[in-house]
Amino acid sequence: MDAKFQRVALNDGHSIPVLGLGTYAPSEVPKSKATEATKIAIDVGFRHIDAAYLYQNEEEVGQAIRSKIADGTVKREDIFYTSKLWCTFLRPELVRPSLEKSLKKLQLDYVDLYIIHFPAALKPGEDLLPRDENGKVIFDTVDICATWEAMEKCKDAGLAKSIGVSNFNSRQLEKILNKPGLKYKPVCNQVECHPYHNQRKLLEFCKSKDIVLVAYAALGSNTNKQWVKKDNPVLLEDPVLNAMAEKYRRTPAQVALRYQLQRGIVVLAKSFNRKRMQENFQVFDFQLTSEDMKTIDDLDRNIQYFGGSTSENSPDLDD
Ligand code: NAP
Ligand code: WDW
């Protein structure tokens with residue numbers, strides 16, 4: 001098959017395109033930009049699109065997908081669309097209604113992948129980040145295994161072709177994998193992953209369980225004020241990545257994406273800019289040497305742009 005439409009097998013028999021478009025943009029970016037960007041991305045060649053209920057962009061992204069189907073550029077089955085179950089919907093009885101809400105916004109019949117966005121439950125309700133009068137986030141107690149059983153039912157109902165998780169550590173994954181009567185394993189774990197936080201151990205764990213690791217913030221994120229930690233070094237300004245980019249006559253972004261592909265990782269790249277989307281998609285026609293792979297491995301320095309702000313103080317689903 002054409003290298004640029006490369007996919008990897010998932011443990012449930014489906015497959016996922018190895019490069020995906022990230023669609024999160026901070027709230028100051030007009031929502032209509034997500035429609036425009038998704039259409040351009042599909043024209044550029046992206047077939048995997050990552051969005052979420054949390055991003056409040058599913059109407060816009062869905063509209064773009066439907067419009068590229070309507071104009072004959074792609075068929076529905078060519079597109080791999082991921083949505084995510086937000087933390088306020090982890091109670092089992094809320095899982096299917098939440099997916100149905102996403103599907104209604106999208107105006108699609110199914111999502112290719114539905115993942116638990118984050119392994120902590122928040123108080124159910126309209127508020128995406130419910131807070132008490134002191135401004136503290138209000139958590140909820142939910143058994144993640146019960147959430148997972150509801151996810152399995154969504155797959156059985158055909159509303160999600162595949163199901164997976166995001167932001168889980170190996171212990172949290174084990175909880176699901178060891179669940180008595182488990183029907184479907186998670187197909188993926190989507191986590192922050194880039195040369196400054198390369199997730200070597202989690203990757204090894206996921207590979208041993210036939211779970212695909214999906215990398216977000218693979219370009220070092222940098223976008224937004226709301227979630228991202230400030231005063232971290234900028235990944236794409238890294239001197240080693242820049243020197244390597246020069247050597248291959250590529251850009252640091254292309255080197256960072258290619259690095260993940262060669263590790264067997266499915267990688268997301270967010271851009272709403274046509275030129276940068278084309279650049280990000282141009283990663284199937286060169287190869288990093290194993291020495292250069294090793295050099296990038298050594299850039300690991302435990303820098304997390306997202307830093308799991310919630311996971312540290314949550315009465316999380318771990319105990
Ligand atoms: P990212 O993909 O690492 O980086 C995006 C930033 O890099 C944007 O500012 C973009 O700006 C810029 N950029 C893109 N291509 C570039 C290039 N070739 N050269 C220079 N700059 C470039 O960050 P992200 O959006 O945080 O992560 C990607 C996606 O992962 C998200 O959109 C979302 O879908 C997903 N995600 C999931 C979670 C989760 O909890 N599961 C968390 C974070 C992200 P322009 O748009 O201006 O090009
Ligand atoms: C947990 C997990 C917030 C936000 C968020 C909490 C989360 C995201 C950039 C891209 C998320 C940052 C998209 C926000 C408490 N994940 N994004 O996916």
Side-chain angles (χ1 to χ4, degrees), residues 19-29 33-34 36-38 40-41 44 46 48-58 61 81-88 90 113-122 127-131 137-139 164-168 188-197 213-229 232 234-238 241-242 245 250-258 260 266-283 304-314 316:
L19 176 62
L21 176 79
T23 63
Y24 175 79
S27 52
E28 62 267 21
V29 176
K33 290 281 176 203
E36 198 192 329
T38 304
I40 295 170
V44 163
F46 283 88
H48 168 179
I49 295 150
D50 181 87
Y53 186 83
L54 176 72
Y55 306 165
Q56 297 177 272
N57 63 6
E58 291 194 294
V61 172
Y81 176 81
T82 302
S83 183
K84 310 190 187 89
L85 176 72
W86 183 238
C87 302
T88 50
L90 293 201
L113 176 61
Y114 199 45
I115 62 184
I116 299 177
H117 201 141
F118 193 86
L122 297 176
D127 256 357
L128 295 172
L129 265 187
R131 290 177 192 276
V137 171
I138 311 169
F139 290 97
V165 300
S166 179
N167 297 303
F168 276 44
C188 73
N189 185 19
Q190 182 183 126
V191 295
E192 174 167 351
C193 183
H194 45 72
Y196 287 168
H197 189 67
L213 196 148
V214 179
Y216 72 71
L219 303 173
S221 199
N222 106 39
T223 16
N224 78 99
K225 303 162 180 65
Q226 193 184 0
W227 311 104
V228 176
K229 283 194 194 155
N232 271 325
V234 177
L235 180 73
L236 297 183
E237 290 173 4
D238 182 89
L241 287 183
N242 278 271
R250 298 282 163 159
T251 65
Q254 290 171 322
V255 171
L257 297 174
R258 184 69 209 178
Q260 303 297 6
V266 168
V267 65
L268 303 176
K270 179 268 174 183
S271 181
F272 280 9
N273 171 279
R274 182 191 293 269
K275 205 171 144 280
R276 287 188 288 279
M277 284 188 236
Q278 284 167 335
E279 178 182 323
N280 296 343
F281 199 69
Q282 210 65 235
V283 288
Q304 277 182 279
Y305 295 98
F306 292 90
S309 51
T310 311
S311 63
E312 266 121 57
N313 51 20
S314 64
D316 64 30

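Atoms within a ligand are numbered from 1 in the order they appear, just like the ligands themselves. Owing to the predicted nature of the structure, the values given are computational and were not obtained by experimental measurement.
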Relative to ligand 1, is [X] under 4.0 angstrom through side chain, backbone, both or neither, heavy atoms considered?
X      : result
Ala218 : backbone
Ile115 : neither
Asn280 : side chain
Tyr55  : side chain
Tyr305 : neither
Ser221 : both
Ser271 : both

Considering the heavy atoms of [X], write down every atom of ligand 1 situated less than 4.0 Å from one of them.
X      : value
Leu268 : 30 (O), 35 (C)
Glu279 : 17 (C), 18 (N), 19 (N)
Gly22  : 29 (C), 31 (C), 32 (O), 34 (O)

Indicate whether any N or O donor in one side chain lies under 3.5 Å from an N or O acceptor in the other, for Tyr196 and Asn232. no
Min heavy-atom dist Thr251 to ligand 1 below 4.0 Å: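 Under 4.0 Å: no for Thr251.
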Please identify each residue that fulfils side-chain hydrogen bond (donor to acceptor under 3.5 Å, both in side chains) with Gln190, with sequence neighbours left out. Asp50
Any N/O pair Asn273/ligand 1 closer than 3.5 Å: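 No: no nitrogen or oxygen of Asn273 is under 3.5 Å from one in ligand 1.
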[X] heavy atoms, cut-off 4.0 Å: which ligand 2 atoms fall inside?
X      : value
Tyr24  : 9 (C), 10 (C), 13 (C)
Leu54  : 4 (C), 5 (C), 8 (C)
Phe306 : 9 (C), 12 (C)

Would you check whether His117 has a nitrogen or oxygen atom less than 3.5 angstrom from a nitrogen or oxygen atom of ligand 2?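 Such a contact does occur with ligand 2.
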What pair of heavy atoms forms the shortest contact from Tyr53 to Trp86, and how long is it?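 Scanning both residues completely, I find the closest heavy atoms to be CD2-CB, 4.4 Å.
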Which heavy-atom pair separates Ser166 from Pro119 by the least distance, and what is that distance? O-CD, 3.7 Å
Should the proximity of Tyr216 to ligand 2, defined as any heavy atom under 4.0 Å, be assigned to the side chain, the backbone, both, or neither?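 It is neither part, as no heavy atom is under 4.0 Å.
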Heavy-atom pairs closer than 4.0 Å: do any link ligand 2 to the side chain of Tyr305, the backbone, both, or neither? neither
Going by the rule ring-ring contact (aromatic ring centres under 6.0 Å, His included), which residues pair with Phe281 if we only count those two or more places apart in sequence or in a different chain?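 Checked Phe281 against ring-ring contact (aromatic ring centres under 6.0 Å, His included); matches are Phe46, Phe284.
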